[in-house]
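Keep in mind the model is a prediction, meaning the values are calculated, not measured. Every heavy atom of this structure was used, including side-chain atoms; hydrogens, water molecules and symmetry mates were not.
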Amino acid sequence: MALVRGGWLWRQSSILRRWKRNWFALWLDGTLGYYHDETAQDEEDRVLIHFNVRDIKIGQECHDVQPPEGRSRDGLLTVNLREGGRLHLCAETRDDALAWKTALLEANSTPVRVYSPYQDSTRWCPPTHTKPRMSAATTDRPTQAPA
């Protein structure tokens with residue numbers, strides 16, 4: 001699987017609320033894995049991002065979390081997931097936090113291409129829980145003939 005973005009982030013544990021530094025990898029399939037180091041061999045956990053993010057707050061918007069000791073509030077990210085889960089992360093800088101937010105939102109909304117070696121074809125996998133968007137060309141509005 002191809003790597004979309006990787007880097008060190010601080011992650012707050014869900015139970016003890018302690019901060020831990022992990023290597024994060026956002027993969028092309030829309031998952032975000034976190035690891036002990038940048039080799040991405042020993043995965044601690046993986047979170048589905050693809051069509052699963054409700055919103056992402058950064059910096060001063062993250063009111064309900066304090067940054068790790070010695071880190072700036074500007075690097076905070078709160079990823080709110082559709083099923084109610086939440087990830088509290090902290091990047092080194094506000095620019096890093098903004099870059100992660102952009103990458104995560106893009107992974108959330110971008111369809112994933114799936115290759116089937118048995119059919120030797122590539123197809124798009126649309127989300128199963130959203131309504132298809134209709135373009136202006138497919139609506140029932142009457143169109144005007146060109147003059």
**OP:** With rounding to the nearest 0.5 Å, note down the distance linking CD in Gln12 to NZ in Lys20.
**Re:** 14.0 Å
Original post:
Is Glu92 close to Arg71 at the side-chain level, that is, under 4.5 Å between some pair of heavy atoms?
Top reply: yes
Original post:
Is any side-chain heavy atom of Thr78 less than 4.5 Å from a side-chain heavy atom of Asn80?
Top reply: yes
**OP:** Would you check, one step at a time, whether the test side chain to side chain contact (heavy atoms under 4.5 Å, CB included) holds for Asn108 with His50?
**Re:** CA-CA 4 Å; Asn108 181 55; His50 184 64; over 6 Å; no
Subject >> Charged tip of Arg5 within 45° of Trp100 ring normal and under 6.0 Å >> reply: yes
**OP:** Please report the C-alpha distance between Leu105 and Ile56 in whole Å, then the side-chain angles of each, then the deciding distance to 0.1 Å, and finally whether the side chain to side chain contact (heavy atoms under 4.5 Å, CB included) criterion is met.
**Re:** CA-CA 8 Å; Leu105 288 173; Ile56 300 175; 3.9 Å; yes
Original post:
Between Ala107 and Ile49, which heavy-atom pair has the shortest distance, and what is it?
Top reply: CB-CG2, 4.1 Å
Original post:
Looking at side-chain heavy atoms only, is the closest gap between Trp8 and Glu38 below 4.5 Å?
Top reply: yes
Original post:
Is there side-chain contact between Lys57 and His63, with at least one heavy-atom pair below 4.5 Å?
Top reply: no
**OP:** Could you check if a side-chain atom of Asp74 sits within less than 4.5 angstrom of a side-chain atom of Thr93, using non-hydrogen atoms only?
**Re:** no
Original post:
Any side-chain heavy atom of Arg54 within less than 4.5 Å of one from Leu81?
Top reply: no
Subject >> Shared hydrophobic cluster for Leu77 and Val4 (ILVMFWY, side-chain gaps under 4.5 Å) >> reply: yes
Subject >> Arg17 versus Ser14, closest heavy-atom pair with distance >> reply: NH1-O, 3.4 Å
**OP:** Indicate the atoms forming the closest heavy-atom contact of Ala97 with Gly75, along with that distance.
**Re:** CB-O, 3.6 Å
**OP:** Could you walk me through whether Asn22 and Arg11 pass side-chain hydrogen bond (donor to acceptor under 3.5 Å, both in side chains), step by step?
**Re:** CA-CA 7 Å; Asn22 289 103; Arg11 173 185 57 87; 3.1 Å; yes
**OP:** Spell out, yes or no, whether Ile58 and Val47 are grouped together once hydrophobic residues are joined by side-chain heavy atoms under 4.5 Å, including indirect joins.
**Re:** yes
Original post:
Distance only, no hydrogens: is a donor on one side chain within 3.5 Å (strictly under) of an acceptor on the other, for Thr31 and Asp29?
Top reply: yes
**OP:** Tell me whether Leu98 is reachable from Leu87 by hopping between hydrophobic residues (I, L, V, M, F, W, Y) whose side-chain heavy atoms are closer than 4.5 Å.
**Re:** yes
Subject >> Nearest heavy-atom neighbours spanning Pro67 and Leu76 >> reply: CA-CD2, 3.8 Å
Original post:
Are Leu26 and Leu48 connected, step by step, through hydrophobic side chains (Ile, Leu, Val, Met, Phe, Trp, Tyr) whose heavy atoms are closer than 4.5 Å?
Top reply: no
Original post:
Under 4.0 Å between a Lys/Arg side-chain N and an Asp/Glu carboxylate O for Arg86 and Asp64?
Top reply: yes
Original post:
Are the side chains of Arg94 and Gln60 in touch, meaning some heavy atoms are under 4.5 Å apart?
Top reply: no
Original post:
Can you name the residues that form a salt bridge (charged side-chain N to carboxylate O under 4.0 Å, His left out) with Arg46, not counting sequence neighbours?
Top reply: Glu43
Original post:
Would you call Trp19 and Leu89 a side-chain contact if the rule is heavy atoms closer than 4.5 Å?
Top reply: no
**OP:** Go through the structure and list residues passing ring-ring contact (aromatic ring centres under 6.0 Å, His included) with Phe24, not counting sequence neighbours.
**Re:** Tyr34
**OP:** Might you point out which heavy atoms bring Ala25 and Tyr35 nearest each other, and give the distance in Å?
**Re:** CB-CE1, 3.7 Å
